[in-house]
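Because only heavy atoms are used, hydrogens play no part in the values below, and waters and symmetry mates are left out as well, while side chains stay in.
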Amino acid sequence: MPTRVNQAVWYDKYNRWQIKVQLDGVRKTFTSSTAGPAGKRECHRKADEWLKYRLIGENTHVDVLFDRWVENLKINTSQGHWGQYESIGRAWVKPAFGHKRIGRVTEQDLKDVITQANRQGKSKKYITNIRNCMMAFLLYCRGMKSTTLHPEKLPIPRSAPAPEKNIIQPSSLKTLFTSTETTFRGQPDPDWFIYAYRFMVATGLRPGELIGLERTSIRDGKLFVKGAINAFGTHTRGKNENALRTFVMPAIAAQAWTEQQAQLRRAGLVSRYAFPDKDGGPVNLKTFEKYWTRYRLHNGIDKTTPYELRHTFISVNKNMPDALKKMLVGHSTDMDTDGVYSHEMDGDMQRAAEMVDAAFRKFLE
């Protein structure tokens with residue numbers, strides 16, 4: 001870090017301390033209105049932090065670079081994205097090697113973080129997120145010319161537990177499409193989101209997509225998925241480019257939507273959202289999950305999360321051609337050939353809808 005040679009000066013006219021520093025042609029002024037030595041020290045601290053932050057090179061400490069990277073992410077990415085990386089940095093990266101100069105960080109430092117996370121029993125997915133965070137951070141650092149470290153591979157330990165994924169089994173699936181009852185304050189009560197659950201499992205929507213779905217996005221027998229609402233209540237364009245999609249609603253989903261509209265009319269509720277909370281606004285994701293948990297416990301339905309209703313949809317339709325299934329759920333293809341050269345043909349959407357209905361009939365009739 002460059003050495004600061006000047007000292008803060010007290011200006012009686014302005015009743016404040018002031019110091020000016022310069023680095024690479026950029027001049028910055030810092031002030032403090034606190035009288036006495038404490039105000040002078042505050043000025044020096046502000047100036048020193050700015051100089052430390054501005055000078056980026058192989059001698060810059062990792063914690064400084066990481067904070068700068070996160071600030072850049074806040075400008076260019078969603079809160080869900082930068083928030084996850086900020087959390088990983090605070091819990092794993094900084095404690096492990098945040099004190100080191102970036103030029104002295106080695107691949108072994110990164111591997112040690114992954115090993116430590118595995119020893120603590122973190123899931124395979126979570127450890128993968130840690131690895132992705134560190135790799136993205138290094139990419140940023142290489143762009144700043146502060147390191148040349150480029151790990152070839154950071155393997156995920158085979159012993160890392162993979163999270164168990166559950167789906168609704170056929171007996172519980174029948175219950176979902178017959179029971180509208182839940183428990184409220186210890187008493188049986190109609191579930192406000194019953195048709196939302198059915199619509200999710202019949203369309204494969206992600207929870208955020210369902211919550212952000214607007215009434216105008218369901219028309220002419222088709223579903224237009226234009227975005228989502230994340231855990232922070234922010235409207236987004238969805239998880240990825242493939243998430244923006246349009247498909248013909250299966251009859252089972254259309255029925256759930258018809259019943260949902262009737263419920264809104266009975267409640268005298270007009271909302272821009274297709275499956276709003278009782279106040280007409282979008283329901284919070286955590287609140288929605290609480291409703292679902294209460295409903296499934298009341299009805300003895302298999303332990304599942306709202307996201308696993310999407311897994312249920314995919315499992316029910318396991319015999320559907322992969323290309324059609326990906327079109328419905330908004331997944332990219334594994335093969336570049338399909339992604340580049342395969343296009344929707346006339347009748348594909350209708351064929352997919354009919355296959356969904358046939359698959360559900362097998363379990364519900």
Novice: Verify, without hydrogens or angle tests, whether Glu209 (side chain) and Arg206 (backbone) share a donor-acceptor contact under 3.5 angstrom.
Specialist: yes
Novice: If you draw the axis of the six-membered ring of Phe313, does the NZ or CZ of Arg310 fall within 45° of it and under 6.0 Å from the ring centre?
Specialist: no
Novice: Going by atom types only, do Asn129 and Tyr85 share a side-chain donor-acceptor pair under 3.5 Å?
Specialist: no
Novice: Could you give me the CA-CA distance, side-chain angles and deciding distance for Phe193 and Trp292, then say whether ring-ring contact (aromatic ring centres under 6.0 Å, His included) is met?
Specialist: CA-CA 8 Å; Phe193 289 108; Trp292 166 249; over 10 Å; no
Novice: So, the side chain of Glu308 versus the backbone of Asn166: is there a donor-acceptor pair under 3.5 Å, distance only?
Specialist: yes
Novice: Answer yes or no: is there a side-chain heavy-atom contact under 4.5 Å between Phe360 and Asn317?
Specialist: yes
Novice: Do Glu181 and His298 have side chains that get closer than 4.5 Å, going by heavy atoms?
Specialist: yes
Novice: Is Asn6 reaching over with its side chain to a backbone N or O of Lys20, donor-acceptor style, under 3.5 angstrom?
Specialist: yes
Novice: Please determine, by modelled atom types, if Ser172 and Asp302 share a side-chain donor-acceptor pair under 3.5 angstrom.
Specialist: yes
Novice: Would you mind reporting whether Pro151 and Leu110 have side-chain heavy atoms less than 4.5 Å apart?
Specialist: yes
Novice: Tell me yes or no: between the side chains of Thr175 and Asn299, is some donor less than 3.5 Å from an acceptor?
Specialist: no
Novice: Taking the side chain as every heavy atom from C-beta outward, state whether Val105 and Thr147 have any pair of such atoms under 4.5 Å apart.
Specialist: no
Novice: Could you tell me whether Glu259 and Arg198 have a side-chain N and a carboxylate O separated by less than 4.0 Å?
Specialist: yes
Novice: I'd like to know if the side chain of Arg142 and the backbone of Leu149 have a donor-acceptor N/O pair within less than 3.5 Å.
Specialist: yes
Novice: Quick one: does Thr128's side chain have a donor or acceptor within less than 3.5 Å of a partner on Lys124's backbone?
Specialist: yes
Novice: Determine whether the side chains of Gln263 and Arg265 contain a donor N or O and an acceptor N or O closer than 3.5 Å.
Specialist: no
Novice: Got a donor-acceptor contact below 3.5 angstrom from the Asp220 side chain to the Lys222 backbone?
Specialist: no
Novice: Does either side chain, that of Gln108 or that of Asp112, offer a donor lying less than 3.5 Å from an acceptor on the other one?
Specialist: yes
Novice: Quick one: closest heavy-atom pair of Ile114 and Leu154, and the distance?
Specialist: CD1-CB, 4.0 Å
Novice: For Ser33 and Asn15, test the side chains for any donor-to-acceptor distance below 3.5 angstrom and give the result as yes or no.
Specialist: no
Novice: Are Glu71 and Lys74 within salt-bridge range, i.e. N to O under 4.0 Å?
Specialist: yes
Novice: Would you mind reporting whether Ile19 and Thr29 have side-chain heavy atoms less than 4.5 Å apart?
Specialist: no
Novice: Nearest 0.5 Å please: distance from the CH2 atom of Trp92 over to the CE atom of Met134.
Specialist: 10.5 Å
Novice: Between Phe275 and Phe199, is the ring centroid distance below 6.0 Å?
Specialist: yes
Novice: So, the side chain of Asp277 versus the backbone of Gly280: is there a donor-acceptor pair under 3.5 Å, distance only?
Specialist: no
Novice: Does Asp191 reach the side chain of Tyr197, with side-chain heavy atoms less than 4.5 Å apart?
Specialist: yes
Novice: So, Thr287 side chain and Val283 main chain: donor-acceptor pair closer than 3.5 Å or not?
Specialist: no
Novice: Assert yes or no for the condition that the ring centre distance of Trp17 to Tyr11 is strictly below 6.0 Å.
Specialist: no
Novice: Under a plain distance cut-off of 3.5 Å, with no hydrogens placed, do Trp69 and Asp67 share a side-chain donor-acceptor pair?
Specialist: no
Novice: Between Asn76 (side chain only) and Asn72 (backbone N and O only), is there a donor and an acceptor less than 3.5 Å apart?
Specialist: yes
